[in-house]
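Heads up: the structure comes next, in structure tokens.
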Amino acid sequence: MDDASDKPVSRNFIQQIIDADLAAGKNGGRVHTRFPPEPNGYLHIGHAKSICLNYGLAKEYGGKFNLRFDDTNPAKEEQEYVDSIVDDVRWLGADWEGRMFFASDYFDQLHAWAIQLIKAGKAYVCDLNAEEMRTYRGTLSEPGKDSPYRNRSVEENLDLFTRMTAGEFSDGARTLRAKIDMASPNINLRDPVMYRIKRAHHHRTGDKWCIYPSYDYTHGQSDSIEGITHSICTLEFENHRPLYDWCCRELGIHHPQQIEFARLNLSYAVMSKRKLLQLVQEKHVDGWDDPRMLTIRGMRRRGYRAEAVRAFCERIGVAKFNSTIEMAWLEDAVREDLNICAPRAMAVLRPVLVTLTNWPAGKTEVFDVPNHPQNPELGTRKVPLSGKLFIEADDFMEEAPKQFFRLKPGGEVRLRAAGIIKCDEVVKDAAGAVTELHCTFDPDHSRKVKGTIHWVDAATALDAPVRLYDHLFAVENPDDAPEGKTFLDNLNPSSLETITAKLEQSLATAAPGDRFQFERLGYFYTDPVDSRPGAPVFNRTVTLRDTWAKEKGR
RNA sequence: UGGGGAUUGGUGUAACGGUAGCACUACGGAUUCUGAUUCCGUCAGUUAAGGUUCGAAUCCUUAAUCCCCAGCCA
């Protein structure tokens, strides 16, 4: 992509469309995209795909990218959501260069255009209520019937629309409708609603309006006003494109091209705003930023970096096929990113005490340990050892299979960066559970030993809460629930486990937002909300690949 | 049901009438003071059936399956 190789770079279907438009001289060679969220919820990874797509295209073609809020329904929209969206889009790294707009910025213009359409005989005020309108609309297989109000005169429509605007009628009493075709096989064209009466306080326009334009009547014109060239949206709007085109055409304004792509689906996750909201409201998760949520805020708090999310969005591609990406892809992208930048440290999640029987009493040795095996620039840190230490319970097996090359009775294993220990004695409690291991320590580093394990010095260990996260859902497709069950029945009961871990001393100064690889375990994020100075709390971002666990599973 | 889309290895995604490629997974191996990382290799695919063509994932026909639309939501 960046070198002079003559290998053809593969282009997705949207890039191909833009290439063709540019070749044909469309839009004077401009490329201008936008991300148009409705401020009625928090952004999730599906939105990240759209943001990366739109922003990426603008950047690639030297064009522009706008952030525009589609705020035409005051009943659902709130400033809180606007703020969070702005913050999340910025975090992701998309730069709108000051072009942040609101559909509500265009309400006056939209209203003027509505009058223009009424005058042109293309719109009329309809007195049908919601239920009647549904009846008149027909069904998928039967055409609709014309509204009895369809042929009102321009003067009457103008008068009625003016009075609608002035607040003379009650909510839902009348609508302004586009006069298109009640017999159209595309239901969206059966005289769709342009304006509805709705007395609701708007987060930006306050109580100025009691009528609000519909999405269909707003979106294309908003794009048009902003000079958008390629209006990229998801597949479910494909059926709306004729209406999008109708608005721009009838108004005779700049006509952006709507292009639809398949929204993102991920295994072990749900993506619909409604379901995410339900998870939060019914407290199946701990808020929008619960690290198990695939909201941008959740991923942030989990410890994902924007780089990883972007790399993921790049990798999954763009197409019109409704696909489901494996969760492992996301996790891989996160590992790949963190592997490069996360300093290493040692922590023991499920400790077993080890006493070094030949350790000189009172002695403490301090090792200088590299923070990254492949990147010396990350420096070193001091790690003490003083005769008693913790190792991971999983790293000891009393009756170990041959392939197990960690610690076993009579066996040897390397203590990372310190030396080699040999297990001489296993101490058990009355119930037969292992409580302590007696080992001898050999400081000789040069010998080859098959296994290397992590450890934490007992004398200086720091106890800290660590949250171990797993998929929020136990099954690949949470929506696939049996009769009478819902996606909630597919929640993974062990998606969160909080433990108290033993951490190496250096971690006491971890700052909120710091990321580490706890060697052989995974990547961990210093929780920015719950951590206190000297008392960090860690969230497991993602585990390391574990081929041993896989082996065991066989 | 009328209409609109879609279908390429396990998962994604290219190939636009001329050798089905790439990535991830899986599997095997090498390196390794993280069973991590890194490196090498292997398996594996055009929804089906016809047709056009010297040649079809690509064009035509028929069929199958999946998704979207009957909000005064977006």
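Labels below follow one simple rule: chain letters A, B, ... track the order of the sequence lines, proteins then strands, and each chain is numbered from 1.
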Notebook entry, point to check: Which of these passes ring-ring contact (aromatic ring centres under 6.0 Å, His included) with His111(A): Tyr106(A), Tyr217(A), Phe161(A)?
Noted result: Phe161(A)
Item checked: NZ/NE/NH1/NH2 to OD/OE distance under 4.0 Å, Glu238(A) and Lys320(A) -> yes
Next item on the list: Starting from C1' on rG71(B), measure out to CD on Glu132(A) and report it in whole angstrom.
Entry: 16 Å
Checklist line | Test: Glu336(A) and Arg315(A) ion pair at under 4.0 Å | finding: yes
Item checked: Gln403(A), CD atom: more than 12 neighbouring heavy atoms under 6.0 Å -> yes
Margin query: Is the terminal nitrogen or CZ of Lys145(A) (NZ for Lys, CZ for Arg) located under 6.0 angstrom from the six-membered ring centre of Tyr136(A) and within 45° of that ring's axis?
Written below: yes
Check: Should Arg196(A) be listed as having a side-chain N or O under 4.0 Å from OP1 or OP2 of rA74(B)?
Finding: yes
Notebook entry, point to check: According to a strict under-4.0 Å criterion, is Thr452(A) in side-chain N/O contact with OP1 or OP2 of rU32(B)?
Noted result: no
Notebook entry, point to check: Can you list the residues that meet the salt bridge (charged side-chain N to carboxylate O under 4.0 Å, His left out) rule with Arg381(A), with sequence neighbours excluded?
Noted result: Glu504(A)
Checklist line | Atom pair distance, as rounded to whole Å: NE2 in His203(A) and P in rA74(B) | finding: 12 Å
Next item on the list: Please determine, by modelled atom types, if Ser446(A) and Asp444(A) share a side-chain donor-acceptor pair under 3.5 angstrom.
Entry: yes
Check: Among rG35(B), rA74(B), rC72(B), which is the nearest nucleotide to the side chain of Phe404(A)?
Finding: rG35(B)
Next item on the list: With P as the reference atom in both, quote the distance from rU8(B) to rU47(B) in angstrom, rounded to an integer.
Entry: 6 Å
Next item on the list: May I ask you to list the residues of residues 139-147 of chain A, by number, that have any heavy atom positioned under 4.0 Å from an atom of RNA chain B?
Entry: Thr139(A), Leu140(A), Ser141(A)
Next item on the list: Report the distance from atom OG1 of Thr295(A) to atom NE2 of His44(A), rounding to the nearest 0.5 Å.
Entry: 9.5 Å
Margin query: Salt bridge check, Glu260(A) against Arg241(A): does any charged N sit closer than 4.0 Å to a carboxylate O?
Written below: yes
Notebook entry, point to check: Say you pick atom P in rU58(B) and the same atom in rU52(B); how far apart are they, in whole Å?
Noted result: 15 Å
Margin query: Distance check needed: rU34(B) P versus His454(A) NE2, whole Å only.
Written below: 13 Å
Margin query: Any base atoms under 4.0 Å from Pro373(A), or only sugar-phosphate, or nothing? Heavy atoms, all strands.
Written below: base
Check: Just by distance, with hydrogens left out, do Ser214(A) and Arg196(A) show a side-chain donor and acceptor under 3.5 Å apart?
Finding: no
Margin query: Which nucleotide wins on minimum distance to the side chain of Glu519(A), given the candidates rA70(B), rU34(B), rC33(B)?
Written below: rU34(B)
Item checked: Residue closer to the 5' end of RNA chain B, Asn129(A) versus Gln374(A) (nearest nucleotide) -> Gln374(A)
Checklist line | Electrostatic pair Asp71(A):Arg204(A) at N-O distance under 4.0 angstrom | finding: no
Check: Between His219(A) and Tyr215(A), does the ring centre distance come in under 6.0 Å?
Finding: yes
Check: Contact class for Arg190(A) vs. all strands (heavy atom < 4.0 Å): base, sugar-phosphate, or nothing?
Finding: nothing
Checklist line | Side-chain donor-acceptor pair present, Asn40(A), Glu38(A), cut-off under 3.5 Å | finding: yes
Note to self: Closest approach to the side chain of Met133(A), judged atom by atom: which nucleotide of rC72(B), rA36(B), rC69(B) is it?
What the structure shows: rC72(B)
Notebook entry, point to check: Can you check whether Glu326(A)'s main-chain N or O pairs, donor with acceptor, with Glu476(A)'s side chain at less than 3.5 Å?
Noted result: no
Notebook entry, point to check: Which of the following nucleotides, rA74(B), rG3(B), rU34(B), is nearest to the side chain of Pro185(A)?
Noted result: rG3(B)
Item checked: Contacting residues from residues 235-247 of chain A, given that a heavy atom lies under 4.0 angstrom of RNA chain B -> Glu236(A), Phe237(A), Glu238(A), Asn239(A), His240(A)
Check: Think Lys408(A) forms a cation-pi with Phe396(A), using NZ or CZ under 6.0 Å from the six-ring centre and within 45 degrees of its axis?
Finding: no
Note to self: If we count only N and O atoms by modelled type, under 3.5 Å, do the side chains of Tyr42(A) and Glu80(A) hold a donor and an acceptor together?
What the structure shows: yes
Item checked: Under 4.0 angstrom between Lys450(A) side-chain N/O and rG35(B) OP1 or OP2 -> no
Item checked: 5' precedence on RNA chain B between Arg520(A) and Glu336(A) (nearest-nucleotide basis) -> Arg520(A)
Note to self: Measure CE/Met182(A) against C1'/rG2(B) and give the value in whole Å, please.
What the structure shows: 14 Å
Where do N or O atoms of nucleotides 9-16 of chain B meet protein N or O atoms at under 3.5 Å, pair by pair?
from: rU11(B); atom 1: O4'; to: Glu326(A); atom 2: OE2; distance (Å): 2.9
from: rU11(B); atom 1: O3'; to: Thr324(A); atom 2: O; distance (Å): 3.0
from: rG12(B); atom 1: OP1; to: Thr324(A); atom 2: N; distance (Å): 2.6
from: rG12(B); atom 1: OP1; to: Thr324(A); atom 2: O; distance (Å): 2.7
from: rG12(B); atom 1: O5'; to: Thr324(A); atom 2: O; distance (Å): 3.3
from: rG12(B); atom 1: O2'; to: Ile316(A); atom 2: O; distance (Å): 2.9
from: rA15(B); atom 1: OP1; to: Gln16(A); atom 2: NE2; distance (Å): 3.0
from: rC16(B); atom 1: N3; to: Gln16(A); atom 2: OE1; distance (Å): 3.3
from: rC16(B); atom 1: N4; to: Gln16(A); atom 2: OE1; distance (Å): 2.6
from: rC16(B); atom 1: N4; to: Gln16(A); atom 2: NE2; distance (Å): 2.5

Next item on the list: Look at the side-chain N and O atoms of Lys552(A) and state whether any lies under 4.0 Å from the OP1 or OP2 oxygen of rG35(B).
Entry: no
Note to self: Any residue in residues 264-278 of chain A with a heavy atom nearer than 4.0 angstrom to RNA chain B? Just list them by number, or reply none.
What the structure shows: none
Check: Under 3.5 Å, is there a donor-acceptor pair linking the side chains of Arg520(A) and His454(A)?
Finding: yes
Checklist line | Secondary structure string for RNA chain B (Watson-Crick or G-U under 3.5 angstrom, | for other-strand pairs) | finding: .((((((..((((....[..)))).(((((.......)))))....(((((..]....))))))))))).....
Next item on the list: Quick one: label Phe405(A) by what it contacts on the DNA or RNA (base, sugar-phosphate, nothing), any heavy atom closer than 4.0 Å.
Entry: base
Notebook entry, point to check: Does OP1 or OP2 of rU32(B) have a side-chain N or O of Arg416(A) closer than 4.0 Å?
Noted result: no
Next item on the list: Determine, for Asp442(A) against Arg447(A), whether the closest basic-nitrogen to carboxylate-oxygen distance falls under 4.0 angstrom.
Entry: yes
Notebook entry, point to check: Is the aromatic ring centre of Trp548(A) closer than 5.5 Å to the centre of the six-membered base ring of rG35(B), with the two planes inclined by less than 30°?
Noted result: yes
